[in-house]
A.B. asks: 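The structure under discussion is supplied below as structure tokens; questions concerning it will follow.
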Amino acid sequence: MLRLYDTATRRVAEVVPAGGGVLRLYVCGPTVYGPPHLGHGRFTLVYDVLRRYLEWSGIRVRHVSNVTDIDDKIITRANDEGRPWQDITEESEALWWAAMDRMGVAMPNEAPHATRYVPQMVELIGELVSRGAAYDVEDGVYLSVAEVPGYGLLAQQSLDSLRSGARVDVVAAKRSPMDFVLWKKAKPGEPSWPSPWGPGRPGWHTECVVMSLALLGEGFELHGGGSDLKFPHHENERAQAVALGRAFAAHWMHNGMVEVGGEKMSKSIGNVTDLATTLDSVDPRAYRLLVLQSHYRAPIEVSTAQLSAASQGLDRLDSLARRMDEAAAATSEAVESEPASDLRAAFSERMDDDLDAPRAMALVFDAVRSANAMLAGSDVAGGLALGRQALSCASATGLLTASGRAVSERAALLAQQRDRARDARDWTTADRLRDELQAIGYRVEDTPAGTRIYR
RNA sequence: GGCGGCGUGGCCGAGUGGUUUAGGCAAGGGCCUGCAAAGCCCUGUACAGCGGUUCGAUUCCGCUCGCCGCCUCCA
């Protein structure tokens with residue numbers, strides 16, 4: 001059973017699906033006002049790995065991740081560019097899903113949009129107001145944090161110490177600097193929805209409580225997001241649920257940040273690298289492997305050097321897969337033998353231990369080496385069986401081996417010619433043909449069955 | 001100022017109170033090969049510094065130094 005570090009209790013604890021059924025997972029998604037960056041890539045990979053691993057383990061997962069399609073930044077950009085705000089969100093969301101697709105990140109089961117849940121948000125805010133936890137002032141409706149028992153749980157700080165360090169602009173109307181906005185009243189020309197407090201739009205923190213509870217129900221198993229979301233975003237989501245007396249997430253998971261030169265990658269610092277640009281420059285699986293080779297809670301440095309090291313590692317997986325295909329083809333009988341050692345069990349043990357993917361992957365790479373040795377030696381059946389386990393474990397993290405792009409007719413012809421030259425021991429011609437193949441982008445390896453080319 | 005985290009061999013990055021090692025990349029040597037490539041084998045004697053606890057610490061405790069995150073929008 002999966003055990004994960006819980007930000008709220010600061011302990012590693014089992015994540016158990018209620019009633020042994022489906023594990024409900026809510027992950028805070030993007031605000032769609034621009035193209036995704038490497039940090040978005042990391043968090044989506046982390047939760048994709050989690051989800052795929054669970055499913056591979058036979059646990060059903062209901063994965064919900066929101067799209068924030070109304071927000072100050074969206075409005076700002078729309079105004080700057082003189083475009084309708086829906087243009088910005090539609091365009092940005094399309095970029096988002098395209099990038100997810102390229103990374104092999106599975107679509108959430110539901111991807112609710114904030115703008116579709118405004119009535120439910122208005123209703124929730126109304127309840128908070130009627131309970132006396134929220135108050136209506138000139139520019140919006142605010143939640144009174146002092147009314148919430150245990151505020152500061154995720155921040156690991158008391159309300160007092162949070163208040164003393166508060167850097168928020170003091171809004172005169174707010175009763176406490178820590179109070180946060182649930183409903184923003186619209187200024188002229190801003191997009192708005194009707195409400196008992198006048199036209200306006202929901203605050204960010206309200207959207208996630210409403211959609212997670214609406215789609216997953218109370219007491220859902222796991223709520224995740226980037227570690228920068230712990231406070232105030234997740235704290236404030238939770239605060240609303242607490243103020244309503246509703247059970248919220250049972251377990252909180254947060255992933256570490258992507259860093260550049262030891263510094264967090266963030267839009268406010270301006271050191272962002274566009275995700276699509278990176279995916280253009282390397283095999284997208286290399287980013288996944290890079291993410292897998294560090295612990296999800298630790299920060300990771302993403303650089304071209306790191307990515308290329310990861311793609312070298314990926315080659316080991318791909319080349320094992322190729323070797324296995326050939327070995328299986330050469331062995332007429334279907335080899336069904338299961339190896340004595342159960343790699344999958346050991347792999348699961350490590351993944352279950354707070355998603356220790358680095359150690360789990362170390363096990364996979366160990367198995368790759370052994371399988372290669374067996375296939376090269378006399379134990380082809382054993383090598384195939386172990387190799388299959390290794391590739392299965394890799395696939396549990398979403399790391400599929402590449403089937404390779406199709407070989408062109410011309411390349412196939414050159415390879416044939418090279419085989420003939422080699423049969424004739426005409427090394428000059430053989431070498432020339434190899435150079436030609438490499439020049440058109442193929443990798444060339446000699447095998448007992450002849451020239452193997454791939455790209 | 002408050003809270004939290006980190007400092008591991010050439011690079012990245014796990015982990016552990018003691019014997020036998022993470023893993024990936026890179027490097028060197030070897031096997032294989034017509035030559036390569038791929039693959040396999042071997043090699044590196046790392047745990048910021050200073051104290052303490054201990055029979056024994058990289059691993060526990062304290063301090064020092066350095067770095068980072070959150071406390072404002074942020075994945």
Side-chain angles (χ1 to χ4, degrees), chain A residues 7 10 27-31 33 36-47 71-73 76 152 154-158 160-169 177-178 180 204 224-233 235 254-259 262-269 272 289-290 292-295 297-303 305-316 318-320 322-323 350 356-366 368-377 422 425-428 430-431 434-435 438 443-447 451-452 454:
Chain A
T7 309
R10 308 180 60 196
V27 181
C28 283
T31 299
Y33 70 103
H37 60 70
L38 249 23
H40 296 114
R42 190 268 279 200
F43 99 80
T44 49
L45 285 168
V46 164
Y47 294 100
D71 176 86
D72 290 4
K73 286 189 290 271
T76 303
L154 295 173
Q156 322 283 4
Q157 287 199 72
S158 69
D160 277 348
S161 67
L162 280 167
R163 191 182 285 126
S164 71
R167 290 183 285 165
V168 287
D169 292 334
M178 298 314 294
F180 60 92
W204 181 38
S227 62
D228 53 355
L229 260 35
K230 284 183 208 169
F231 191 94
H233 183 54
E235 188 78 50
H254 291 97
N255 61 277
M257 299 289 99
V258 168
E259 296 187 347
E263 212 177 15
K264 176 186 169 184
M265 175 174 289
S266 82
K267 290 173 188 165
S268 39
I269 298 172
V272 293
L289 181 56
L290 182 58
L292 286 165
Q293 285 185 316
S294 64
H295 190 87
R297 283 194 276 132
I300 52 170
E301 190 77 21
V302 181
S303 63
Q306 297 271 52
L307 287 165
S308 81
S311 48
Q312 292 303 314
L314 211 51
D315 277 350
R316 286 179 64 73
D318 287 344
S319 83
L320 172 64
R322 275 193 300 275
R323 196 164 288 117
R350 293 181 175 193
D356 196 350
R359 293 218 303 148
M361 289 312 291
L363 221 46
V364 170
F365 280 104
D366 278 340
V368 168
R369 176 178 300 107
S370 303
N372 275 325
M374 289 161 133
L375 290 170
R422 292 188 69 231
R425 307 184 68 78
D426 176 1
W427 310 127
T428 314
D431 289 351
R434 177 165 60 200
D435 289 345
Q438 286 171 339
R443 295 166 76 169
V444 180
E445 291 170 15
D446 293 346
T447 74
T451 295
R452 161 165 58 195
Y454 60 94

A.B. asks: Quote, to the nearest angstrom, the P distance that separates B:rU16 from B:rC25.
C.D. replies: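 24 Å, rounded to whole Å.
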A.B. asks: Indicate for each nucleotide in nucleotides 32-38 of chain B, in 5' to 3' sequence, whether protein heavy atoms under 4.0 Å reach the base (B), only the sugar-phosphate (S), or nothing (-).
C.D. replies: --BBBBS
A.B. asks: When you measure from the side-chain N and O atoms of A:Arg163 to the phosphate of B:rG2, is any distance below 4.0 Å, counting only OP1 and OP2?
C.D. replies: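 No, no such contact exists.
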A.B. asks: Which value, in whole Å, describes the distance between the C1' atoms of nucleotides B:rA48 and B:rG66?
C.D. replies: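 Between the two C1' atoms, the distance is 8 Å.
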A.B. asks: At 4.0 Å (heavy atoms only), tell me whether A:Pro232 reaches a base, stays on the sugar-phosphate, or touches nothing.
C.D. replies: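 Sugar-phosphate: the residue A:Pro232, judged by heavy atoms under 4.0 Å, touches backbone atoms but no base.
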A.B. asks: From the set B:rC71, B:rC25, B:rC68, return the single nucleotide nearest to any side-chain atom of A:Leu162.
C.D. replies: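 Of B:rC71, B:rC25, B:rC68, B:rC71 is nearest to the side chain of A:Leu162.
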A.B. asks: Under 3.5 Å, is there a donor-acceptor pair between the side chain of A:Arg42 and the main chain of A:Gly256?
C.D. replies: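 Side chain of A:Arg42 to backbone of A:Gly256, a donor-acceptor pair under 3.5 Å: yes, one is there.
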A.B. asks: Give me the distance, rounded to whole Å, that separates B:rA37 from B:rC32 when you measure between the C1' atoms they each carry.
C.D. replies: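 Here B:rA37 and B:rC32 have their C1' atoms 12 Å from each other.
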A.B. asks: What's A:Ser164 touching, base or sugar-phosphate or nothing? Going by heavy atoms closer than 4.0 Å.
C.D. replies: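 The answer is nothing, as A:Ser164 stays clear of every strand by at least 4.0 Å.
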A.B. asks: Does the A:Gln293 side chain pair with the main chain of A:Met361, one donor and one acceptor, at a distance under 3.5 Å?
C.D. replies: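 Answer holds: no.
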A.B. asks: Pick the P atom in B:rU64 and in B:rC70, then give their distance to the nearest Å.
C.D. replies: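 Here B:rU64 and B:rC70 have their P atoms 25 Å from each other.
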A.B. asks: Scan A:Lys230 against the nucleic acid and name what it touches under 4.0 Å (heavy atoms): base, sugar-phosphate only, or nothing.
C.D. replies: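 Answer is nothing: A:Lys230 stays at 4.0 Å or more from every strand.
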A.B. asks: A:His37 near the nucleic acid: base, sugar-phosphate alone, or nothing, with a heavy-atom cut-off under 4.0 Å?
C.D. replies: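 Base: the residue A:His37, judged by heavy atoms under 4.0 Å, touches a nucleobase.
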A.B. asks: Students often get this wrong, so: under 4.0 angstrom with heavy atoms, is A:Asn255 touching a base, only sugar-phosphate, or nothing?
C.D. replies: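 Base contact.
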A.B. asks: Applying side-chain hydrogen bond (donor to acceptor under 3.5 Å, both in side chains) between A:Arg323 and each of A:Asp318, A:Thr447, A:Asn372, report the one that passes.
C.D. replies: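 The passing option is A:Asn372.
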A.B. asks: In whole angstrom, give me the gap between the C1' atoms of B:rA57 and B:rG15.
C.D. replies: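 Going atom to atom, C1' in each nucleotide, I get 14 Å.
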A.B. asks: Kindly point out which of B:rG15, B:rA75, B:rC73 is positioned nearest to the side chain of A:Asp356?
C.D. replies: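 Of the options given, the side chain of A:Asp356 lies nearest B:rG15.
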A.B. asks: Using the P atoms only, state how far B:rC61 lies from B:rU20, rounded to an integer number of Å.
C.D. replies: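 Those two atoms are separated by 27 Å.
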A.B. asks: If you check the A:Arg10 side chain, which of B:rA75, B:rG5, B:rA14 turns out closest?
C.D. replies: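 Given the options B:rA75, B:rG5, B:rA14, the side chain of A:Arg10 is closest to B:rG5.
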A.B. asks: Just call it for A:Gly152: base, sugar-phosphate, or nothing, with non-hydrogen atoms closer than 4.0 Å on any strand.
C.D. replies: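 Touches nothing.
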A.B. asks: Angle between ring planes, A:His40 versus A:His37, binned at 30° and 60°: parallel, tilted or perpendicular?
C.D. replies: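 Tilted: the ring planes of A:His40 and A:His37 meet at 30° to 60°.
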A.B. asks: Distance between the P atoms of B:rU72 and B:rC63, in whole angstroms?
C.D. replies: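 Straight-line distance between the two P atoms is 28 Å.
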A.B. asks: Report yes or no: does A:Glu259 contribute a side-chain atom to a donor-acceptor pair with the main-chain N or O of A:Pro299 at less than 3.5 Å?
C.D. replies: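 No, the answer is negative, given that no donor and acceptor are paired below the 3.5 Å cut-off.
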A.B. asks: Of the nucleotides B:rG15, B:rG2, B:rA75, which has the atom closest to the A:Arg359 side chain?
C.D. replies: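 Out of B:rG15, B:rG2, B:rA75, the nucleotide with an atom closest to A:Arg359's side chain is B:rG15.
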A.B. asks: Write down the distance separating the C1' atoms in B:rC73 and B:rG24, rounded off to the nearest Å.
C.D. replies: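 Comparing C1' positions in B:rC73 and B:rG24 gives a spacing of 36 Å.
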A.B. asks: Name the closest nucleotide to the A:Phe231 side chain, picking from B:rA75, B:rA14, B:rC70.
C.D. replies: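 For the A:Phe231 side chain, the nearest candidate turns out to be B:rC70.
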A.B. asks: A:Ala305 or A:Gln156: which one's nearest nucleotide on RNA chain B is closer to the 5' end?
C.D. replies: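 Residue closer to the 5' terminus by nearest nucleotide: A:Gln156.
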A.B. asks: Please give me the minimum heavy-atom distance between A:Met178 and A:Phe231, naming the atom from each residue.
C.D. replies: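 For A:Met178 and A:Phe231, the tightest heavy-atom pair comes out as CE-CZ, 3.6 Å.
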A.B. asks: Does A:Gly225 reach a base, just sugar-phosphate, or nothing at all? Heavy atoms under 4.0 Å.
C.D. replies: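 Counting heavy atoms under 4.0 Å across all strands, the contact made by A:Gly225 is with sugar-phosphate only.
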A.B. asks: Which nucleotide sits closest to the side chain of A:Met257: B:rG5, B:rU72, B:rA75?
C.D. replies: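 Nucleotide nearest to A:Met257's side chain: B:rA75.
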A.B. asks: For a quick check of understanding: with a heavy-atom distance under 4.0 Å over all strands, which category does A:Val258 fall into, base, sugar-phosphate or nothing?
C.D. replies: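 Since a base atom lies under 4.0 Å of A:Val258, the category is base.
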A.B. asks: Ignoring backbone atoms, test whether A:Asn372 places a side-chain nitrogen or oxygen under 4.0 Å from the OP1 or OP2 oxygen of B:rC40.
C.D. replies: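 Checking A:Asn372 against B:rC40: at least one side-chain N or O falls below 4.0 Å of OP1 or OP2.
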A.B. asks: Using only side-chain N and O atoms of A:Arg350, determine if any of them is under 4.0 Å from OP1 or OP2 of B:rA22.
C.D. replies: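 For A:Arg350, the contact criterion (side-chain N or O under 4.0 Å from OP1 or OP2 of B:rA22) is not met.
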A.B. asks: Once you apply a heavy-atom cut-off of 4.0 Å, does A:Ala362 come out as touching a base, just sugar-phosphate, or nothing?
C.D. replies: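 Here A:Ala362 touches the bases of the nucleic acid.
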A.B. asks: Counting runs of three or more consecutive pairs, Watson-Crick or G-U wobble, with each distance below 3.5 Å, where are the stems of RNA chain B?
C.D. replies: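 Consecutive-pair runs (3 or more) involving RNA chain B: B:1-7 with B:65-71, B:10-12 with B:23-25, B:27-31 with B:39-43, B:48-52 with B:60-64.
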A.B. asks: Can you find a pair of side-chain heavy atoms, one from A:Thr76 and one from A:Tyr33, that are under 4.5 Å apart?
C.D. replies: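 Not in contact.
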A.B. asks: Base, sugar-phosphate or nothing for A:Gln293? Non-hydrogen atoms, less than 4.0 Å.
C.D. replies: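 Sugar-phosphate only.
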A.B. asks: Taking only side-chain nitrogens and oxygens of A:Lys264, does any of them come within less than 4.0 Å of OP1 or OP2 of B:rA75?
C.D. replies: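 No, no such contact exists.
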